[in-house]
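For reference, the structure discussed in these notes is given below.
Values below: every heavy atom of this structure, side chains too, minus hydrogens, waters and symmetry copies.
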Amino acid sequence: MSTLKIEFMVNCMVAQLLCHDFSDNDGGVMFTERLLELMKDRNVSIRQISSDIGFGVNQIKYWKTHGTLPKADLVEKIAEYFGVSVEKR
């Protein structure tokens, strides 16, 4: 199995912590919707989370527009930040 395929599979599994479901075409959209939901519930601004975790303020918009997911290590940091698990809901 190629390294790229393994990394994709890991990203899919880890991203499930923020996704209700996952598919190749809209995983980034669902990921960002769940992330924005968590941010709203906990009254966290985009500037605050991007500063606290260390990604650009436009990154969330990029994930949603391009339908992409962050790397697994960043998803884990986001999970820790919000105190959520990495398991599928």
Side-chain angles (χ1 to χ4, degrees):
M1 189 175 303
S2 73
T3 304
L4 185 58
K5 186 170 183 172
I6 292 170
E7 182 177 342
F8 175 76
M9 290 169 56
V10 168
N11 282 340
C12 291
M13 291 179 344
V14 172
Q16 289 175 351
L17 78 124
L18 299 176
C19 296
H20 297 282
D21 193 6
F22 183 82
S23 73
D24 294 351
N25 297 329
D26 61 359
V29 173
M30 289 185 302
F31 175 87
T32 54
E33 287 174 356
R34 179 65 177 134
L35 176 56
L36 293 171
E37 179 183 307
L38 287 167
M39 291 169 58
K40 182 180 177 184
D41 290 348
R42 290 167 172 86
N43 199 29
V44 174
S45 71
I46 291 175
R47 288 193 191 280
Q48 182 179 352
I49 190 173
S50 64
S51 173
D52 291 347
I53 294 180
F55 60 82
V57 292
N58 294 318
Q59 194 63 50
I60 294 172
K61 183 178 181 181
Y62 180 87
W63 294 327
K64 186 170 186 172
T65 342
H66 292 88
T68 59
L69 296 167
K71 295 202 178 266
D73 62 331
L74 184 54
V75 174
E76 290 173 4
K77 286 181 185 178
I78 293 170
E80 287 177 23
Y81 185 85
F82 286 109
V84 296
S85 72
V86 192
E87 298 173 10
K88 186 174 180 176
R89 296 194 305 162

*Check the pair K61 / I46 against side chain to side chain contact (heavy atoms under 4.5 Å, CB included), numbers first and verdict last.*
CA-CA 10 Å; K61 183 178 181 181; I46 291 175; over 6 Å; no
_Walk me through whether I49 and L35 qualify under side chain to side chain contact (heavy atoms under 4.5 Å, CB included)._
CA-CA 10 Å; I49 190 173; L35 176 56; 4.0 Å; yes
*List the steps, then state whether side chain to side chain contact (heavy atoms under 4.5 Å, CB included) holds for Y62 with N58.*
CA-CA 6 Å; Y62 180 87; N58 294 318; 6.0 Å; no
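Atom CD1 of I53 sits about 10.0 Å away from atom CD of Q48, to the nearest 0.5 Å. Summarising the geometry, atom CE belonging to M39 is positioned 4.5 Å from atom CD1 belonging to I60; distances are rounded to the nearest 0.5 Å. The line from CG of L36 to CG of D41 is 11.0 Å long, rounded to the nearest 0.5 Å.
Summarising the geometry of L69 relative to F31, their closest heavy-atom pair is CD2-CB, 3.4 Å, with the distance given to 0.1 Å. Across F55 and S50, no two heavy atoms sit closer than the pair O-CB, 2.9 Å.
Other residues, nucleotides and ligands contribute only 12 or fewer heavy atoms inside 6.0 Å of the CG atom of N43.
Using a 4.0 Å cut-off between charged side-chain N and carboxylate O, R34 and E37 make a salt bridge.
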